[in-house]
Amino acid sequence: MEKNNHTVTEFILVGFTTDPKTQLVLFVVFLGVYSMTLVANATLMVLIGNDSRLHTPMYFFIGNLSFLDLWYSSVYTPKILVTCISEDKSISLTGCAVQFFFSAGLAYSECYLLAAMAYDRYVAISSPLLYAQVMSRRLCICLVIYSYTGGFVNAIILTSNTFTLNFCGGNIIDDFFCDVPPLVKLACDVKEMYQDVLYFLLASNVITPTVLILASYAFIIAAILRIRSTQGRLKAFSTCSSHLISVTLYYGSILYIYSRPSSSYSLERDKVVSTFYTVVFPMLNPMIYSLRNTDVKDALKKLSRFT
């Protein structure tokens with residue numbers, strides 16, 4: 001085994017199991033999930049782009065979320081599929097760093113994008129008459145750009161600090177992708193400064209958007225309570241219920257993985273949680289935003305008549 005980060009040229013991804021039969025089953029499962037992720041997100045993007053009724057700020061953000069999830073899932077799943085059926089479980093140091101960078105950048109970008117979507121729902125419910133004016137196309141585009149910029153700038157910080165660690169614990173990554181917990185387990189010089197960097201990134205990319213989302217929903221609840229009719233309240237709440245489910249699932253798993261000290265990482269348990277937000281969640285998002293959405297269902301029926 002390699003002794004430091006100057007001689008480590010590759011890592012070995014252990015994955016979920018070493019049993020060949022179980023690996024084959026996992027290959028079929030992950031292939032099915034990935035196929036559904038690509039089809040569901042691509043379909044939602046096409047519907048939003050083609051149907052004029054969906055050319056609103058809310059669907060603009062949902063379309064961008066689908067694009068992000070499609071890209072996000074593609075960072076992990078192809079390598080997982082190869083690892084499941086191939087005897088070669090290796091990933092080069094450069095490949096690991098690239099995967100790590102895009103993983104962090106897209107994860108952070110989604111945190112910011114979900115916060116922007118919360119603000120969109122707040123404006124829609126609290127100021128419906130001014131909604132189109134406040135949530136102009138220019139503002140929507142700027143919020144998406146800011147989401148990606150913030151996400152990838154912070155990903156540069158995390159990647160540069162992580163891959164200057166001294167990996168003297170070997171090159172066996174007990175996970176299915178390059179992530180903070182397994183890489184920290186391999187490092188022998190994790191200084192307090194690195195832990196401070198992790199907490200800074202957690203605060204700026206997860207805690208801050210979480211606070212913004214909670215503030216938005218506090219104002220949303222206040223606005224809903226001012227609506228006199230029960231029917232009106234239910235209708236207003238239904239417009240943000242999908243986003244609330246999405247935020248709870250995504251932020252819950254992210255906070256569980258990255259809000260703990262590095263000394264308390266449990267790789268076996270973390271694998272399950274990581275699988276959810278990296279592979280399963282991108283598949284669930286388009287379903288969450290479309291299953292109860294009449295506009296999306298109508299757009300799908302309209303598209304199916306032309307195909």
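Only this structure's heavy atoms are used, side chains among them; waters, hydrogens and symmetry mates stay out. Start at 1 with the first residue, then count along the sequence.
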Decide yes or no for [X] and [Y]: does some side-chain heavy atom of the first lie under 4.5 Å from some side-chain heavy atom of the second?
X: F30; Y: T275; value: yes
X: T43; Y: S290; value: no
X: Y289; Y: V296; value: no
X: P78; Y: V82; value: no
X: E10; Y: L93; value: no
X: Y131; Y: I125; value: no
X: D175; Y: P181; value: no
X: F11; Y: L183; value: yes

Does a donor on one side chain sit under 3.5 Å from an acceptor on the other, for [X] and [Y]?
X: S147; Y: Y108; answer: no
X: D69; Y: T37; answer: no
X: D88; Y: S90; answer: yes

With rounding to the nearest 0.5 angstrom, report the [atom1] to [atom2] distance, [X] to [Y].
X: L249; Y: I254; atom1: CG; atom2: CD1; answer: 12.0 Å
X: K89; Y: I173; atom1: NZ; atom2: CD1; answer: 14.0 Å
X: C140; Y: M58; atom1: SG; atom2: CE; answer: 11.5 Å
X: L244; Y: M117; atom1: CG; atom2: CE; answer: 12.0 Å
X: L202; Y: L198; atom1: CG; atom2: CG; answer: 8.5 Å
X: L54; Y: I62; atom1: CG; atom2: CD1; answer: 8.5 Å

Practice item. Following the transitive rule for hydrophobic clusters with a side-chain heavy-atom cut-off under 4.5 Å over Ile, Leu, Val, Met, Phe, Trp and Tyr, establish whether V144 and F67 coincide in one cluster. Key: yes
**Study point:** Verify same cluster id: L114, V211 (apolar side-chain graph, 4.5 Å)
**Key:**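 Result: yes, single cluster for both.
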Looking at [X] and [Y], what are the two nearest heavy atoms and their distance?
X: S74; Y: Y34; answer: OG-OH, 2.8 Å
X: M135; Y: Y119; answer: SD-CE2, 3.7 Å
X: A42; Y: L70; answer: N-CD1, 4.1 Å
X: F100; Y: C178; answer: CD1-O, 3.5 Å
X: N285; Y: E110; answer: ND2-OE2, 3.5 Å
X: D179; Y: S274; answer: OD2-OG, 4.2 Å

With a 6.0 Å cut-off (strictly less than), is the heavy-atom count around [atom1] of [X], excluding the residue itself, greater than 12?
X: K235; atom1: NZ; answer: no
X: F219; atom1: CZ; answer: no
X: M45; atom1: CE; answer: yes

Practice item. Quick one: list whatever passes side chain to side chain contact (heavy atoms under 4.5 Å, CB included) with T278, sequence neighbours left out. Key: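 If we apply the side chain to side chain contact (heavy atoms under 4.5 Å, CB included) test to T278, skipping adjacent residues, the hits are Y72, Y76, F176, F177.
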Check your understanding: N64 and L68: side chain to side chain contact (heavy atoms under 4.5 Å, CB included), yes or no, with the steps?
Key -> CA-CA 6 Å; N64 276 278; L68 196 155; over 6 Å; no
**Study point:** Salt bridge flag under 4.0 Å for residues R53 and D51
**Key:**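 A salt bridge links R53 with D51.
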Between side-chain atoms of residues 148-158 and protein atoms elsewhere (two or more places apart, or another chain), which donor-acceptor pairs fall under 3.5 Å?
{"unit_1": "T149", "atom_1": "OG1", "unit_2": "I145", "atom_2": "O", "d": "2.8"}
{"unit_1": "N154", "atom_1": "ND2", "unit_2": "G150", "atom_2": "O", "d": "2.7"}
{"unit_1": "N154", "atom_1": "ND2", "unit_2": "N205", "atom_2": "OD1", "d": "3.1"}

Quick one: side chains of residues 220-228, donor-acceptor pairs under 3.5 Å with protein atoms, not counting sequence neighbours, listed by atom name and distance.
none

**Study point:** Parallel, tilted or perpendicular: ring planes of F276 versus F281, cut at 30 and 60 degrees
**Key:**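 It falls in the tilted class, 30° to 60°.
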Check your understanding: With H243, which of Y122, Y251, Y217, F237 fulfils ring-ring contact (aromatic ring centres under 6.0 Å, His included)?
Key ->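 Result: among Y122, Y251, Y217, F237, Y217 is the only option passing the ring-ring contact (aromatic ring centres under 6.0 Å, His included) with H243.
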